[in-house]
Amino acid sequence: MNIVFSDLDHADHDIEQDILASAGFDAPMLACRSEQDLVDQLTDVDIALNQYAPFTRRVLEALPRLKLIVRYGVGVNNVDLEAATDAGVQVCNVPDYGMNEVSDHALALTLALTRKLVPMNLACHQGRWDYVEAIPLRRQSTQTVGLIGLGRIGRLYARKVNALGFRVIGYDAFYRPSAEDGTDYIEAVELDSLYGRADVVAVFCPLTEDTRHLIDAGALAAMKPGGFLVNTSRGGIIDEVALAEALASGHVAGAGLDTTEREPLEPDSPLWAQPRCLITPHMAWYSEDAAAELKRKVAEEAVRFARGEAVYWAVNRLA
């Protein structure tokens with residue numbers, strides 16, 4: 001089978017190349033950005049290792065030889081899954097490579113917001129040494145964290161904030177906490193209840209048509225006054241204009257965003273004018289360990305498929 005990297009912005013792909021070469025494959029690196037790039041350059045390709053290039057229905061229908069797409073990361077928003085299934089193309093992701101990193105990053109944003117670390121650090125640097133500027137702060141055991149999405153990463157974050165004393169409530173359309181898997185400390189609630197009760201709302205759901213702008217002006221208005229919002233999941237789940245307005249009014253006391261609807265966040269975004277909005281550059285997934293694991297697992301999945309073995313992380317189900 002012919003294997004290629006459709007696109008990749010990492011500094012190198014040595015780990016992948018070593019694994020592929022050991023299995024007898026030579027995978028060239030392409031730089032596809034558009035649908036047309038994929039159509040023109042993947043005609044004779046069986047397996048594509050993909051980061052951002054868009055595998056739309058048009059692309060998939062134009063590449064009848066393509067059999068597998070392995071996506072670098074958890075999300076597969078750039079792949080039309082329905083079209084891939086119709087075309088008989090298996091799509092795989094790597095859902096578990098950065099679970100600890102993302103949950104740690106969400107925890108770091110949560111603590112930075114609730115302890116007001118960033119504004120107090122700025123005040124100290126500006127010569128104001130006075131804890132009064134941080135008032136009010138509250139003990140963690142008096143606060144409730146509400147999770148939207150209780151997948152692998154959400155549950156890992158829940159375990160960490162629970163260990164620090166926060167009460168934990170959660171909403172997930174497909175998962176219910178239970179004693180069986182040790183998550184019965186998470187109180188299952190509906191979204192309306194979560195918004196009204198949570199001091200911190202933390203987002204861990206995928207971006208779909210159902211979740212796009214899930215947290216809109218109405219949801220933000222329903223949040224507990226003075227609450228915080230954390231998103232290390234996907235940009236687009238939050239209506240950023242509505243969030244900027246909620247921050248400006250003070251109804252939302254602060255937000256921590258690792259992902260935004262457009263990345264980098266556009267220069268004219270109203271969020272830049274909100275000093276209580278902490279922004280990081282889609283880095284929650286990253287550690288040297290996670291990056292190496294991601295590379296290894298992408299290559300190993302491709303090799304398994306090429307050898308006729310069962311893949312580990314199928315996203316779509318083929319007939």
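Both backbone and side-chain heavy atoms feed into the values below; hydrogens, waters and symmetry mates do not.
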Practice problem: Indicate if Val76 and Phe55 have the same hydrophobic cluster label, given that clusters are the connected sets of ILVMFWY residues with side-chain heavy-atom separations under 4.5 angstrom. | Solution: yes
Does [Y] offer a backbone N or O that forms a donor-acceptor pair with the side chain of [X] under 3.5 Å?
X	Y	result
Asp258	His282	yes
Trp285	Val74	no
Ser103	Met99	yes
Glu261	Asp239	no
Asn231	Arg234	yes
Lys295	Asp12	yes
Gln17	Ala27	yes
Ser193	Glu190	no
Asn50	Ala53	yes
Glu263	Thr260	yes

Please determine, by modelled atom types, if [X] and [Y] share a side-chain donor-acceptor pair under 3.5 angstrom.
X	Y	value
Asp7	Tyr72	no
Arg115	Gln140	no
Gln274	Arg276	no
Tyr52	Ser6	no
Thr183	Asp181	yes

Quiz prompt | Criterion side chain to side chain donor-acceptor pair (under 3.5 Å) on Thr85 and Asn316, from CA distance to verdict | solution = CA-CA 7 Å; Thr85 303; Asn316 61 332; 3.1 Å; yes
[X] vs [Y] side-chain heavy atoms within contact, under 4.5 Å:
X	Y	answer
Leu38	Leu66	no
Ile237	Cys205	yes
Phe305	Asp46	no
Lys297	Asp96	yes
Leu8	Met29	yes
Asp199	Thr114	no
Arg57	Glu82	yes
His10	Leu294	yes

Rounded to the nearest 0.5 Å, how far apart are [atom1] of [X] and [atom2] of [Y]?
X	Y	atom1	atom2	answer
Thr144	Lys224	OG1	NZ	6.0 Å
Asp40	Glu35	CG	CD	11.5 Å
Leu194	Leu147	CG	CG	8.0 Å
Ile238	Thr211	CD1	OG1	11.0 Å

Quiz item: When Ile, Leu, Val, Met, Phe, Trp and Tyr are grouped by side-chain heavy atoms lying under 4.5 Å apart, directly or through other members, which residues fall in the same group as Met120?
Solution: none
Quiz item: Which ILVMFWY residues are connected to Val132, directly or by a chain of links, through side-chain heavy atoms under 4.5 Å apart?
Solution: Tyr131, Ile135
Practice problem: For ring pair (Phe, Tyr, Trp, His ring centres under 6.0 Å), just list the numbers for Tyr286 and His105, CA-CA rounded to whole Å, side-chain angles, deciding distance to a tenth of an Å, and then say yes or no. | Solution: CA-CA 9 Å; Tyr286 171 72; His105 199 89; over 10 Å; no
Exercise. Sequence neighbours left out, what pairs pass ring pair (Phe, Tyr, Trp, His ring centres under 6.0 Å) with at least one residue falling in residues 178-237?
Key: Tyr157-Phe204
